[in-house]
Amino acid sequence: MTDVTELTDAGPNDSGLEDTVALLQAMIREACVNDGSIESGQEVRNVNVLQRFLSEAVGSGRLETHVFESAPGRSSLIARVRGTDPSAPALGLVGHLDVVPVNPDGWNRNPFGGELIDGEVWGRGAVDMLYLTAAFACVTRDLALADEPPRGDLVLLAVADEEAGSEHGIHWLLREHPDAVRVTEAISESGGMRMGRHVAIEVAEKGSAGRRLVVHGTPGHASIPYGAAGAATRMGEVLQRLSSVTPIAQLGPLWSAFVAARIDDPDLAERMLDPVRLDAVLPKLGGIAGYAHAISRITISPTILRSGHTHNVIPSRGELDLDIRTLPGTTDDEVDELLRAMLGDLADTVEIEHLRGWPATASPADTGLFEAISRAVTEVSGEPVVPIMAAGGSDNRVLRGLGIPAYGFGLLGPEWSYERYREGVHGNNERIDLGSIGLTLAALRRIVADRVL
């Protein structure tokens, strides 16, 4: 058994680091690739890895585990250390088990080898987010093996399908097994990168409002194009309209904190705080420009174009799918109105269909959990935190939709700028250094001690 004070005082070089790294390597090697199809993912393989890792804690009688399967092979594991005080927080550690597809030709190492090379673990999912899932499991196991039970519950939620929208993961779990999921607060991914000398902690995420634009034309033989009004040509006109208009900047409550943390030049910072002048200075921001652009407005990205079935027929129908990311408070009607305004006189000829989406979400930065995260990160790193909005999405949004405060956590090394983090997530040669894993583990143990001990 481990004394609870050892959990509080553990540093980045404690024995748990070796276990966390070994667990991370094992999960990478299972290659739970989620391409969006129901038969992909097969997260049951990583569930089996976790069950072996947690077996001693389960055998002690202090860790309850349940495996739930939403579809064949699409398994999630929930492991709970029960506390002694029902009024204490129930802290959820939410880590997903699936990873995105990979093109091995772009890698210098085997993307599913989990190799440890020069102090870095290589492999798809190393950053997004298997290193965190491994750290969550390690701390859960250690708490279960401690001499005394905690005051509050600690719940490991190792879930499927995050990379494809979570329908077979946390959405399904909350719908089918809400009692097993029960937490009052949670931490997950999308934090820990550096914004200047600050450590970013995610408190909000943009929403998604996918749309399909449909246009119609007159079919005909492609050998006689004169006067034809084919759908493919009209789709080109629609694309041109969308690319020629940029949605206006709308600077939310987290914007000024981001600017203060990341921008050292006072003149540049002043212009960034003005929504009218912001776009003119984006080219001066270097690698952070994409993030600044994304979190300051609604973004519209054409992603899939379909028109025609054979090369010698002028098509009568064309479809354009749009990935649209929204700011807090944006409604579906406002998205449709924006699209019609951008299309101008083409709007009446274009049908707008709604694809899957969800609203932007946010958690307050004055909760006991956020304060615990801030203290832990500063104690371990010596740096302050800055609350940020994520341009993408995570399972945090699902919990926030139920009123549960949820935050993106991590503590990466000083060299991990936001730009480096984004390059690693879904990119080639994804890898994470042992120092960052150790920092994260040390901060995580402090958070757990603060909230449930």
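Quick note: residue numbers are just sequence positions, from 1.
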Worksheet item: Only one of V159, I78, L77, V181 forms a side chain to side chain contact (heavy atoms under 4.5 Å, CB included) with F68, so which one is it?
Response: I78

Fill in: Check ion pair R297-D279 (N to O, under 4.0 angstrom)
yes

Response to the item:
Of L239, D323, D321, the one forming a side chain to side chain contact (heavy atoms under 4.5 Å, CB included) with P302 is L239

Fill in: Any donor-acceptor pair under 3.5 Å from R62 side chain to A146 backbone
yes

Worksheet item: Is I432 close to W416 at the side-chain level, that is, under 4.5 Å between some pair of heavy atoms?
Response: yes

Fill in: Carboxylate-amine/guanidinium proximity below 4.0 Å for R400 and E202
yes

Discussion item. Quick check on side chain to side chain contact (heavy atoms under 4.5 Å, CB included): which of L143, D153, D85, I447 does V452 satisfy it with?
Written reply: L143

Discussion item. Side chains of D35 and S37: any donor to acceptor distance under 3.5 Å?
Written reply: yes

Worksheet item: Under a 4.0 Å N-O cut-off, is there an ion pair linking E64 with R82?
Response: yes

Worksheet item: Do any pairs count as a ring pair (Phe, Tyr, Trp, His ring centres under 6.0 Å) and have a residue in residues 131-175, sequence neighbours left out, and if so which ones?
Response: W172-H177

Fill in: Cation-pi, W122 ring and R431 (6.0 angstrom, 45 degrees)
yes

Worksheet item: Is there any side chain to side chain donor-acceptor pair (under 3.5 Å) pair reaching into residues 251-266, and which pairs are they, with sequence neighbours excluded?
Response: R262-E419

Practice prompt. Count the heavy atoms belonging to other residues, nucleotides or ligands that lie under 6.0 Å from CD of E176, then report whether that count exceeds 12.
Written response: yes

Discussion item. Any carboxylate oxygen within less than 4.0 angstrom of a Lys/Arg side-chain nitrogen, looking at D336 and R211?
Written reply: yes

Worksheet item: With the threshold set at 4.0 Å, does a side-chain nitrogen-carboxylate oxygen contact exist between R271 and D267?
Response: yes

Worksheet item: Any side-chain donor-acceptor pair under 3.5 Å between E205 and S394?
Response: yes

